[in-house]
There are 2 protein chains.
Amino acid sequence: MQEQTDPPGEPSPGLVSTAIQAITQHIRSEGLAPGDPLPSEAAMTRQLNVSRTVVREAFRSLSAMRLIDMSAGRRATVAKLDTGAMSMVIEHGITTQQISVQQVYDVRRTIEMRTVALAALRRTDQEAQAIAQSARLMHENFKSPEAVMEHDIAFHEAIAAASHNPVFSLIVTAFSGVTRRTWVIGWRTRSSDEDQLKMIKGHEDIADAILKGDPRLAAEHMAQHFDKSVKALLDAGIA
Amino acid sequence: MQEQTDPPGEPSPGLVSTAIQAITQHIRSEGLAPGDPLPSEAAMTRQLNVSRTVVREAFRSLSAMRLIDMSAGRRATVAKLDTGAMSMVIEHGITTQQISVQQVYDVRRTIEMRTVALAALRRTDQEAQAIAQSARLMHENFKSPEAVMEHDIAFHEAIAAASHNPVFSLIVTAFSGVTRRTWVIGWRTRSSDEDQLKMIKGHEDIADAILKGDPRLAAEHMAQHFDKSVKALLDAGIA
DNA sequence: CTCGAAAACCTGTATGACAGGTTGTTATTG
DNA sequence: CAATAACAACCTGTCATACAGGTTTTCGAG
């Protein structure tokens, strides 16, 4: 193979990168939507005049970023928007200590001050119910930290969803992984049942404000929530 | 190969995913920092009892997300924080019409209202200079839309950098690709030199406020800037 | 026309081979 | 002895081939 003249213009950034570009370019130029099938590996192999190895690594890379879905036997398809890659980047930043937990919380605060206000304005009744439901489940399971945490995360993601802007959802969800790793630390600083219930009450206040459709009040409660959370982490000595 | 018993516990999400996890796990457990070398493909092959094909696809996937750096002959190394993956996700969302340009701008506005305030508070003199410099270059080259756009993008990235929170930088930079595809549209709606210079003046106002260290004023100018930009896009009929 | 089995196609994984880049070692030379 | 040049060992990049097992298409039997 490889008889095709490859114009000696570029310094060749590697065949795989080229293949990745070719695939994304295909999605763009064909105007593919989520669920639409991509060319088979064999077809791509012919089109690009490279080995299947190269094409496969390209497909696999896009799959790792969750831009496409792959499964045995079937052709790859365009994927729905997914947090996969973004959360891996954030986690990588955290584990290699290039970003701190506190910095993530600052970004979360910035974003969620907005999502909560948007949610108060745009939420459907069903979304308001889902948000309130998460808060309620936090309350009901407050003896089980694990459960409280999962409902807490669901609470924030539900608010982001109710903002009706998928980019906000994407970012908030990407941070959930970090939250899962630090949440318990903050919880432990609230030693008494009273403190813990007060924290949960904060969530119920937010849910109420969203239900009432009051963006200012919702944002205010969210700000307090974050201020307390960050303080809890700082008290616990998180950098 | 493959004699090793793989415990029939999990429903096997694919060998490559497992390998990816093993590698990231290695980074975590060894506490690797950017630049540190990873095990060779051969070593990973032995450790995981899978073929080199699988290990290679795993490495390549992480490389595509820019979590590791690869180059011929050398072993892969842990990568510095990079926007690569994030911008691909955003671009994918845009090209498959799962998110709109306006939604991206709403997120940008939310984030940059914060970065500009932080920049006003935390910028070094050098950073303030870089920001002002970008605004000045926009002004000087205002006859060349391409140049104005690149300096505009650099302007916003410089502000994010001056916020001293790499997560903000990450997100703002990830959006630059989208900006590059839509910027010209907004520019065209400002038909007269006067309109165009007024838009550039907005940037200089922001730079001044940051130089003065006035976060409220900086945020105010940034808000105006975004409102006008969004209006320009809407006038041009961007969904 | 319906249904089911075979054929054709596709992805997942393994193996082996070789080119070319990188690094550490060793032997040569001044 | 020190500097250096040649070499060996190792590593990644790419290709070809093979086969197992899943999925879709086709087509013939009823």
Side-chain angles (χ1 to χ4, degrees), chain A residues 1-8 10-23 26-27 32 35-79, chain B residues 1-8 10-23 26-27 32 35-79:
Chain A
M1 290 279 172
Q2 192 69 322
E3 316 123 9
Q4 199 86 334
T5 71
D6 57 292
E10 334 99 32
S12 171
L15 299 187
V16 175
S17 301
T18 309
I20 290 178
Q21 263 205 302
I23 297 169
H26 176 89
I27 294 176
L32 299 189
D36 289 349
L38 275 67
S40 73
E41 294 175 2
M44 264 310 183
T45 293
R46 282 190 298 274
Q47 186 191 320
L48 299 177
N49 262 309
V50 294
S51 73
R52 192 182 157 208
T53 307
V54 169
V55 172
R56 232 193 117 56
E57 288 183 10
F59 271 96
R60 183 64 85 173
S61 293
L62 291 173
S63 166
M65 286 187 266
R66 308 283 200 106
L67 302 191
I68 67 177
D69 290 321
M70 296 174 79
S71 69
R74 266 195 289 273
R75 299 219 298 226
T77 60
V78 176
Chain B
M1 288 278 171
Q2 192 67 322
E3 315 124 10
Q4 199 86 332
T5 70
D6 57 290
E10 333 100 31
S12 171
L15 299 187
V16 175
S17 301
T18 309
I20 289 178
Q21 263 206 301
I23 297 169
H26 177 89
I27 294 176
L32 299 188
D36 290 349
L38 275 66
S40 72
E41 294 175 2
M44 265 306 183
T45 293
R46 282 190 297 275
Q47 185 191 320
L48 299 177
N49 260 307
V50 293
S51 73
R52 192 183 159 211
T53 307
V54 169
V55 171
R56 233 190 116 58
E57 288 184 11
F59 271 96
R60 184 64 84 170
S61 294
L62 291 173
S63 167
M65 286 187 267
R66 309 283 201 105
L67 302 190
I68 66 177
D69 290 321
M70 295 175 78
S71 70
R74 267 199 289 273
R75 299 217 302 227
T77 60
V78 176

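Each chain gets a letter, A, B and so on, in the order the sequences are listed, and its residues count up from 1. Only a predicted model underlies this, so the values are computations on that prediction, with no experimental measurement involved.
Heavy atoms only, all atoms of each residue included: B/Arg66 and B/Ala79 are closest at O-CB, 3.5 Å. Listed here is the closest heavy atom pair of B/Val55 and B/Glu41: CG1-O, 3.8 Å. Closest approach of A/Ser61 and A/Ile20 over heavy atoms only: CB-CD1, 3.8 Å.
Between C/dA17, C/dA14, C/dT11, one nucleotide has an atom nearer to the side chain of B/Leu15 than all others, and that is C/dA14. Closest to the B/Val54 side chain, of the nucleotides C/dT11, D/dT14, C/dT13, is C/dT13. Closest contact between the side chain of A/Arg75 and the listed nucleotides D/dC15, C/dT13, C/dC10 involves C/dC10. Minimum atom distance to the side chain of A/Glu41 is reached by C/dG12, of the listed C/dG12, C/dA14, D/dT12.
Using a 4.0 Å heavy-atom criterion, one finds that A/Thr53 contacts the bases of the nucleic acid, with or without backbone contacts as well.
With rounding to the nearest 0.5 Å, the separation of CZ in A/Arg52 from CZ in A/Phe59 is 10.5 Å. Atom OG1 of A/Thr77 and atom CG of A/Asp69 lie 4.5 Å apart (nearest 0.5 Å). B/Glu57 contributes atom CD, which lies 10.0 Å from atom CG of B/Leu15 (distance to the nearest 0.5 angstrom).
Summarising the geometry, the separation between CZ on B/Arg52 and C1' on D/dC15 is reported as 11 Å, rounded to the nearest angstrom. Across the protein-nucleic acid pair, B/Leu48 atom CG and C/dA14 atom P stand 10 Å apart, rounded to whole Å.
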For each nucleotide in nucleotides 20-26 of chain C, reading 5' to 3', give B when a protein heavy atom comes within less than 4.0 Å of its base, S when such contact involves only the sugar-phosphate, and - otherwise. -BSS---

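Contacts between residues 55-69 of chain B and DNA chain D, counted as heavy-atom distances below 4.0 Å, involve B/Arg56, B/Arg60.
The side-chain contact (heavy atoms from CB on, under 4.5 Å) test applied to B/Arg75 returns B/Pro37, B/Ser40, not counting sequence neighbours.
Counting heavy atoms from C-beta outward, A/Thr45 and A/Arg56 have side chains that stay 4.5 Å or more apart. Counting heavy atoms from C-beta outward, B/Met65 and B/Leu62 have side chains that approach closer than 4.5 Å.
Checking the phosphate oxygens (OP1, OP2) of C/dC10, a side-chain nitrogen or oxygen of A/Ser40 falls inside 4.0 Å.
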